[in-house]
Participant: 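This is the structure I have questions about; it appears just below.
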Amino acid sequence: MNYEGHGNREIRERVIPESEVTEKIRKLKQIPVSGRCARECINIAYGFFTPLEGFMGKEEVDAVCERMTLADGTLWPIPIVLDVKEEEIRTKKIKKGDSILLTYTASSLAMMEVEDIFRLNKTKIAEAVLGTTDERHPGVRMLRGLENTFLGGKIALVNPPEFQPPFDRFWYTPRQLRKRIVENGWERVVAHQTRNVPHSGHEWLMKGAWFSANGELPVEKLKTGILVNCIIGPKRTGDYIDEAIVLCHQRLCEARYFRDDIHMVTIALWDMRYAGPREAIFHAILRTNLGCTHHMFGRDHAGVGSYYGSYDAHRIFDQIPQHKLKIKPVRVLEWWYCPICGEVTYSGLCGHSQERQKFSGTLIRSMIEDKVKPTKLIFRPEIYDKLMESAEKYGFGSPFCTEKYLAERKPVFKLPALW
Amino acid sequence: MAQGCPINIWINEERYNELQELGLANMTEDVLAGMRVLKLQCTEKQKDELLKFYPAAKFDTATTQSIELLPPETKEKMFQLVVKNKSLKVVREFLKGAKEG
């Protein structure tokens with residue numbers, strides 16, 4: 001089994017065996033962490049962020065901002081930091097060299113070896129990573145909302161998360177997923193990053209990317225798969241509910257719009273920074289670690305508002321030397337509906353640009369809010385039905401996040417009580 | 001076609017067939033892959049009245065330039081008024097009915 005991840009480093013799980021946990025954490029000072037830090041802790045521990053072994057120290061953050069690398073020169077575009085209330089550090093007398101216990105929702109999460117305690121210039125990070133300091137940018141707001149003190153150092157999970165239905169069947173660690181990819185007989189895997197319920201435009205993006213990735217391989221026996229990797233992170237009112245996103249993607253396969261031997265849906269925990277091109281590189285690294293060989297990048301990938309050009313996330317790969325990244329970007333334009341062609345078609349092929357009808361998320365959302373079933377050329381009927389079923393089952397009647405959903409939804413994962 | 005602040009009533013294949021039978025299909029605009037829309041005419045004053053009546057609704061100035069987030073059953077009533085009156089000018093009648101409860 002090949003476990004070589006980003007930066008040519010082996011994907012290793014940093015999880016303390018259950019039998020050793022009680023003794024190791026018994027006397028440790030406890031530091032509660034935010035939801036984002038908990039998710040990133042889990043990612044580091046299972047190797048989603050290989051080669052990271054812990055939260056970054058000051059030197060590492062500076063390298064990421066200034067050179068888009070880790071301190072050792074490995075390509076890395078986004079700081080991964082643990083922010084902690086200064087008062088916690090002061091009152092608990094945390095110092096370099098300490099081992100501490102990170103807790104989340106009052107349960108033990110991970111052990112950390114404190115190697116660095118530092119402050120950061122958030123403005124400088126915003127400029128370098130996000131390309132803006134505008135407070136309207138959600139990544140800037142996230143950065144500004146961090147505490148002012150940061151801890152750097154290696155972590156090891158002490159309490160593996162228990163994923164709750166319906167997410168449990170879609171959760172694979174990188175090592176587990178690589179095993180599944182081999183079992184599937186896939187030699188190439190193209191990643192589709194998503195935070196959306198799939199309409200036909202998304203479906204064709206995936207199909208087009210599959211053709212690109214499959215390339216010159218023989219077609220009698222297919223050895224290229226599509227990995228739909230749904231991003232699970234913080235939600236805002238109006239977003240599609242997480243449950244609908246994963247279940248509707250799975251439904252595309254169950255309803256045979258994709259063959260089940262070339263399609264797989266999984267989840268990844270990640271708090272989007274909306275960093276546009278830099279985040280595209282991050283996504284490429286994440287999917288490298290999952291075992292993907294190709295990654296689809298469409299228009300406005302990981303962007304927001306008008307902070308980035310529509311294809312900045314394509315162009316940044318021109319600046320990355322090939323040996324720095326194992327995964328190949330598959331660059332795609334838009335798929336639209338053409339009333340002249342009478343089909344969903346590719347903007348790079350269809351010459352009827354004047355007559356084109358774009359897949360607008362806003363328009364589709366408006367149809368769904370009105371509970372008017374879209375035509376099957378927009379939304380597969382099975383997907384619409386699954387969306388509405390998910391709304392009833394998980395969304396308190398709505399397929400979109402409401403205040404009630406955000407306050408009362410079941411957690412994606414739980415940390416079991418250790419004692 | 002629509003003046004001021006339109007209300008989009010989505011027309012899928014089922015609704016389109018209903019409008020066709022009544023000879024009203026030409027009132028619709030083709031928007032996306034066979035999905036059509038009826039744009040109800042709504043004045044600025046009527047928009048304000050609607051938004052007051054339905055606090056969760058909003059006028060989407062950024063993308064659709066229309067009144068959004070009206071309850072689906074409200075839009076269904078408006079659609080039925082279009083069918084009954086064979087006209088897109090139904091907001092005044094709708095508001096009158098809504099005020100009378």
Side-chain angles (χ1 to χ4, degrees), chain A residues 136 199-204 237-238 300 304-306 334-345 350 352 354-381 383-385 387-388 391-392 397-404, chain B residues 2 5-20 25-40 42 47 50-51 54-83 90-91 94:
Chain A
R136 290 171 298 179
H199 55 57
S200 298
H202 297 125
E203 187 186 316
W204 280 99
T237 54
D300 295 322
V304 63
S306 54
E334 287 172 87
W335 288 78
W336 62 42
Y337 178 76
C338 172
I340 311 296
C341 300
E343 62 191 11
V344 178
T345 184
C350 174
H352 305 117
Q354 296 295 314
E355 293 84 2
R356 72 181 178 211
Q357 295 176 346
K358 287 188 169 194
F359 282 93
S360 153
T362 310
L363 287 182
I364 293 173
R365 181 199 159 93
S366 173
M367 296 169 201
I368 292 167
E369 273 170 349
D370 286 3
K371 296 187 177 166
V372 180
K373 195 172 192 168
T375 57
K376 60 187 173 190
L377 277 169
I378 301 174
F379 236 76
R380 302 295 190 183
I383 303 305
Y384 181 80
D385 293 343
L387 179 61
M388 291 306 159
E392 288 308 315
S398 170
F400 302 106
C401 295
T402 57
E403 296 291 349
K404 186 174 174 66
Chain B
C5 326
I7 298 168
N8 291 333
I9 306 283
W10 290 104
I11 306 296
N12 57 11
E13 287 136 332
E14 289 164 38
R15 281 182 166 180
Y16 188 67
N17 289 342
E18 191 178 345
L19 290 173
Q20 258 188 331
N26 62 349
M27 286 182 173
T28 64
E29 289 176 34
D30 187 11
V31 176
L32 175 60
M35 200 71 183
R36 292 167 172 272
V37 73
L38 279 173
K39 286 188 181 293
L40 303 193
C42 187
K47 177 200 80 177
L50 275 169
L51 296 187
Y54 300 103
K58 64 168 188 171
F59 183 56
D60 181 352
T61 51
T63 47
T64 59
Q65 305 288 328
S66 57
I67 299 171
E68 294 294 330
L69 301 176
L70 287 168
E73 55 275 18
T74 298
K75 286 199 166 181
E76 175 62 30
K77 277 182 196 163
M78 290 178 175
F79 174 70
Q80 294 307 330
L81 282 177
V82 171
V83 169
V90 298
V91 176
F94 172 81

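What you are looking at is a predicted structure, and each value in this text was computed from that prediction instead of being measured. Letters A, B, ... are given to chains in the order of the sequence lines, protein chains preceding strands, and every chain is numbered from 1.
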Participant: Between A:R365, A:E369, A:R356, A:K371, which has the largest tally of heavy atom pairs under 4.5 Å with chain B?
Facilitator: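 Counting heavy-atom pairs under 4.5 Å, the top option is A:E369.
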Participant: Would you kindly say whether A:T345 and A:W336 are connected by a side-chain donor-acceptor distance under 3.5 Å?
Facilitator: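 Their side chains do not contain a donor-acceptor pair, so the 3.5 Å distance test is not met.
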Participant: Which residues, numbered in order, of residues 74-83 of chain B come under 4.5 angstrom of chain A by heavy-atom distance?
Facilitator: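 Interface residues of residues 74-83 of chain B: B:K75.
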Participant: For A:R380, is there an ion pair with A:E203 - N to carboxylate O distance below 4.0 angstrom?
Facilitator: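 A:R380 and A:E203: salt-bridged.
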Participant: Closest heavy-atom contact between A:L377 and A:S200?
Facilitator: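 It is O-OG, 2.8 Å.
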Participant: Check whether any side-chain heavy atom of A:L363 lies under 4.5 Å from a side-chain heavy atom of B:M35, and answer yes or no.
Facilitator: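 No, too far: nothing below the 4.5 Å cut-off.
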Participant: Could you have a look at B:D30, B:D60, B:L70, B:V37 and say which one has the most heavy-atom pairs with chain A under 4.5 angstrom?
Facilitator: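 Answer, by heavy-atom pair count under 4.5 Å with chain A: B:D30.
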Participant: Could you list all the ring-ring contact (aromatic ring centres under 6.0 Å, His included) pairs where at least one residue sits in residues 55-78 of chain B, not counting sequence neighbours?
Facilitator: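 Every candidate ring-ring contact (aromatic ring centres under 6.0 Å, His included) pair involving residues 55-78 of chain B fails, so no pair, neighbours aside, qualifies.
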Participant: Is it true that a side-chain atom of B:N12 and a backbone atom of A:T375 form a donor plus acceptor pair closer than 3.5 Å?
Facilitator: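 Between the backbone of A:T375 and the side chain of B:N12 there is no qualifying donor-acceptor contact (under 3.5 Å).
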Participant: Would you call the rings of A:H199 and A:F359 parallel, tilted or perpendicular, taking 30° and 60° as the class edges?
Facilitator: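 Taking A:F359 first and then A:H199, their aromatic rings lie parallel (interplane angle under 30°).
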Participant: Heavy-atom pairs under 4.5 Å with chain A - which of B:V31, B:N8, B:I11 has more of them than the others?
Facilitator: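 Among B:V31, B:N8, B:I11, the one with the most close pairs to chain A is B:V31.
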Participant: With a 4.5 Å cut-off on heavy-atom pairs, point out which of A:K376, A:K373, A:E343 contacts chain B the most.
Facilitator: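 Sorted descending by pairs with chain B, the first entry is A:K373.
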Participant: Would you say that A:I368 contacts A:P399 through its side chain, given a criterion of any heavy-atom pair below 4.5 Å between the two side chains?
Facilitator: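 Touching, per the 4.5 Å side-chain cut-off.
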